[in-house]
Amino acid sequence: MIDQIGEQCAQCNYFAMLASWRALPVFAIVAVLAIVLRKRVPARYLCWLWLIVVARLLLPFSIESSVAISSVADKPAISLVSGEEEPQTESSDFDTFTYENEEGESVTAALLPPGATPEEQAAADAIVAEIAEAEIAAKAASAALPQFNQVDSAESFIDKIEPALEVLAYAVAFGIPAVTIFMLLRGLLAHLRFARKLSASPSITDQATVDRLLRICDDLQVGRRPQVKEVPALHAPAMFGLLRPVICLPQRWQEELTADQLDWVLRHEVAHVKGRDGLLLSIATLARSCQWFNPLSWVAVSKLKQNMERAADELATRHLDEMQVREYGKLLLRFAAGQPSKRPRPTIGLLAMAAPKGLQQRIESLGMPVKRRGWLRGLMALIVVGMVGVCGLTDARPITQDAEPPQPVPNFEVAVAEWKQQRATNAKPARSVELFSASVDEAEPTHSVSIDVSDVLSKARELQPGIDGEKFASMYFTSYPFAVAERGASKIEKGVLTVEVTKRQEQSLRQRLSAFEDFGPWQIAVELRVIDTDVRLLDQFDWSTSASDTRFARVARSPVSAGLDAWDDARLSLASSDAMAADSEPFSIEQSVSVPIRAAKIGHLQTTRFIHQVQRDNRSNIMQAPKVTMFNGQSALITDVVQRPFVTDVVEITGEKATAFQPKISVFEDGWRFFFKPEVAGDDRVHLQMVFSKSSIDDVKRASLPYRPDPTSEDRVTIEVPTVISNSIAVESYLRTSESLLVFSPTLFSNRSVDDSERSNHRIGQVFLIRTQLIPDNEFLESFVPKQDDE
């Protein structure tokens, strides 16, 4: 629990540090502009610049742009973290290698170009032989020296201080958020405390004062009319509030302020209301609380507040003469002298008119008023502020390199990513339903086939007199709603259906035609639930005997991927009705010798109760719940698999200058496949054949290969070796609509397990719950009866 909290705190600290680092270049630019523009533009423009710094302190991430200045801070940070330097390339006609000579000097020699002469080849061989001889001699001399144990003092020192470093890391991780929360709570409590005092203070309703305030608001074009209250706790005028500002006057203001001085005070505070200084300063205080460890945040908030007061002074003294401006400065000094000696508590949303900090600079600015030079100066200032905002509040786009250096060993992540990118355009979704009569493989050839459908037409006319049999058969078996051929590609002449289909589509089409001849138009809905549940919930059913018309077995390979013909190989095909009548021997139950299977049929009420019990049991889970509706005789395949690629081998590729290794990607499936083949068997029964196949990747290990591209490197070429576990269960049964089939497969566990959590899995098993429903398709059959108006 503590580690999780520590991770969250460390992540918050990372975001705070990142915002501080990216605000550094913005702060530098604004500081320079503030010095240059201080006497040239009104103070309100400088407030906007410092607000940009405050916003950057709150934004560790922002939108990307090509003009962002955050790259100035990001580039050295990335270099510092990665420790990588920019590669320096030197142009040369051919490659070089570097070695040390006998004097210990580094010597660079050129490799031979492709068209080297025999003399150049002999000289190069001599240099290589000399280097090899020197290396052998150095190794022999090193082996002849006496061996001794060397104590690594640096490592032992690190081991000694490791506990202290761990404690320091936890202190930093928890300390920064703790101080941040403390500062936020302290400011919030001070705000609420002052708001409570302010609510108890009387409002000033003097008509002359109210008229004076309204006149000043109209003069400064302020639509919001602030309240005016007398606050005994204050010694100087102030403005308080975030969204509903209140002008606060000190006690005995009527005796101490003349009419002109009251005008100056009200104009100063209304200027704060006009600029929404209370709300903006509160946001800046929030940024300072989150960035309390960053001295730039304290400087930025202080500069913002000083420029807000300067902007209010400029509006208050805009129409005053020199003598009145001097009296205004004396009034500020008098208010500052009356402040208490103790340090006031920080209150969010309170701007005092005569705060001692920065008062000297404000009074000096009164003697040097900014000369207004019309709209051109304001336009230029707005352009500068806008450029700083766009460049400072956006992040630099990441630098992408066009080419990457070749990897001497296979990079698993890059190889897998390239495989996924190549497969993305033509890959099937992880979960899909494939109806065999509608499935067309582009690589599978088609051929023209002619089938006698005279019995089908007779059956259709028998079920629905007056039906247009040819039109119905052409639409129902080739186009509705899972087409085996394009519309217009089939025709019926003299009771013979001619259609262009693949081999698999022909097989499915013949099955549907045969099923229609026997039982008419039906659709069959098959519902399956794969449930992991407590075995004790299954004790309520009778597993001792199985129904005579149900067979099941584990098969060595799933007939799902092999097609419909593989059912005969699985030995699950039931005998025909005539054979069953002649042979009275009941169906035999087939099961795997190593892992048994159990089956039981239950009624509708038992099915509903069991599903309700599974949903209420905390240890039970419905892992899969596919449902598909098919035509009588049609087959369907439902897949929910994920293809996982692995680097299982490498192929050596020799180039002109170097040898590289190309990873070999092998793909393994992880997930479920469900195959259904239902047929109407008469008497409200469905003959259902199914295969449940599951493959899972149990473990992935690595192995090293005897390839070393660089003899001086310790890196080895490694491959991945996954362990794949697959299991296929084939089931065949006759089900009524009121029945459900349960097929149980036990879950394996180890007797040597001593872990409590693993012991709890000993009672978990897997059960397949299968239900079917017959849906008559007579309405579609009736739609092909010609109406009298159509004659």
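Scanning both residues, Glu230 and Pro250, for their nearest heavy atoms gives CG-O, 4.0 Å. Taking all atoms of both residues into account, the shortest heavy-atom contact from Phe646 to Glu720 is CA-OE1, 3.4 Å. When all heavy atoms of Ser289 and Leu184 are compared, the closest pair comes out as CB-CD2, 3.5 Å. Of all heavy-atom pairs between Trp264 and Ala316, the closest is O-CB, 3.9 Å. When all heavy atoms of Ala43 and Ala311 are compared, the pair lying nearest together is CB-N, 3.6 Å. Listed here is the closest heavy atom pair of Leu57 and Ser20: CD2-CA, 4.5 Å.
A salt bridge links Asp218 and Arg225; the closest N-O separation between the charged side-chain nitrogens and carboxylate oxygens is under 4.0 Å. A salt bridge does not link Lys305 with Glu309: none of the charged nitrogens is closer than 4.0 Å to a carboxylate oxygen. Ion pair Arg326/Glu322 flagged as a salt bridge, since at least one NZ, NE, NH1 or NH2 atom sits closer than 4.0 Å to an Asp/Glu carboxylate oxygen.
Rounding to the nearest 0.5 Å gives a distance of 14.5 Å between CZ of Phe15 and CG of Leu58. Interatomic distance, OG1 of Thr180 versus CG of Leu185, reported as 10.5 Å (0.5 Å rounding). Taken to the nearest 0.5 Å, the CG atom of Leu257 stands 10.5 Å off from the CG atom of Asp263. The CG atom of Leu59 lies 10.5 Å from the CG atom of Leu18; values are rounded to the nearest 0.5 Å. In this structure, the separation between CD on Glu256 and CG on Leu249 is 11.0 Å, given to the nearest 0.5 Å. Glu327 CD to Thr317 OG1: the interatomic distance, rounded to the nearest 0.5 Å, is 13.5 Å.
Residues Phe27 and Trp50 bring their aromatic ring centres within 6.0 Å.
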Do Gln261 and Arg334 pass the side chain to side chain contact (heavy atoms under 4.5 Å, CB included) test, and can you show the C-alpha distance, the side-chain angles, and the key distance before you say yes or no?
-> CA-CA 12 Å; Gln261 291 175 345; Arg334 191 177 73 185; 3.8 Å; yes

Chi angles and distances behind the side chain to side chain contact (heavy atoms under 4.5 Å, CB included) call for His268, Met239 = CA-CA 9 Å; His268 180 96; Met239 192 278 293; over 6 Å; no

Are Glu314 and Arg318 close enough, and set up right, to give a salt bridge (charged side-chain N to carboxylate O under 4.0 Å, His left out), and what steps lead you there?
-> CA-CA 6 Å; Glu314 290 176 0; Arg318 184 168 58 183; over 6 Å; no

Please step through side chain to side chain contact (heavy atoms under 4.5 Å, CB included) for the pair Arg212 and Arg215, ending with a clear verdict.
-> CA-CA 5 Å; Arg212 193 185 304 273; Arg215 185 178 66 254; 3.4 Å; yes

Stepwise, does the side chain to side chain contact (heavy atoms under 4.5 Å, CB included) test hold for Trp48 with Val388?
-> CA-CA 10 Å; Trp48 294 344; Val388 174; over 6 Å; no

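Heavy-atom neighbours of Phe182 CZ from other residues, nucleotides or ligands within 6.0 Å: at or below the threshold of 12. Annotation for Lys303: atom NZ does not count as buried by contact number, only 12 or fewer foreign heavy atoms lying within 6.0 Å. Arg276 CZ: 12 or fewer foreign heavy atoms inside a 6.0 Å radius. The number of heavy atoms from other shown groups lying within 6.0 Å of NZ (Lys197) does not exceed 12.
The closest side-chain heavy-atom distance from Val179 to Phe293 is not below 4.5 Å. Looking at Glu269 and Pro237, their side chains come closer than 4.5 Å, going by heavy atoms from C-beta outward.
Using modelled atom types, no side-chain atom of Ser302 and backbone atom of Trp298 make a donor-acceptor pair closer than 3.5 Å. Remark: side-chain polar atoms of Ser201 are not paired, donor with acceptor, to backbone N or O of Lys229 under 3.5 angstrom. Using modelled atom types, one side-chain atom of Ser62 and one backbone atom of Leu393 make a donor-acceptor pair closer than 3.5 Å. The backbone N or O of Ser297 lies less than 3.5 Å from no partner atom in the side chain of Gln291, so there is not a single donor-acceptor pair.
By the side chain to side chain donor-acceptor pair (under 3.5 Å) test, Asp211 is found to be paired with Gln207, residues two or more places apart in sequence or in another chain being considered. Take Asp219 and apply the salt bridge (charged side-chain N to carboxylate O under 4.0 Å, His left out) test, not counting sequence neighbours, and it matches Arg267.
None of Leu350, Val231, Leu234 except one satisfies the side-chain contact (heavy atoms from CB on, under 4.5 Å) rule with Leu198; the exception is Val231.
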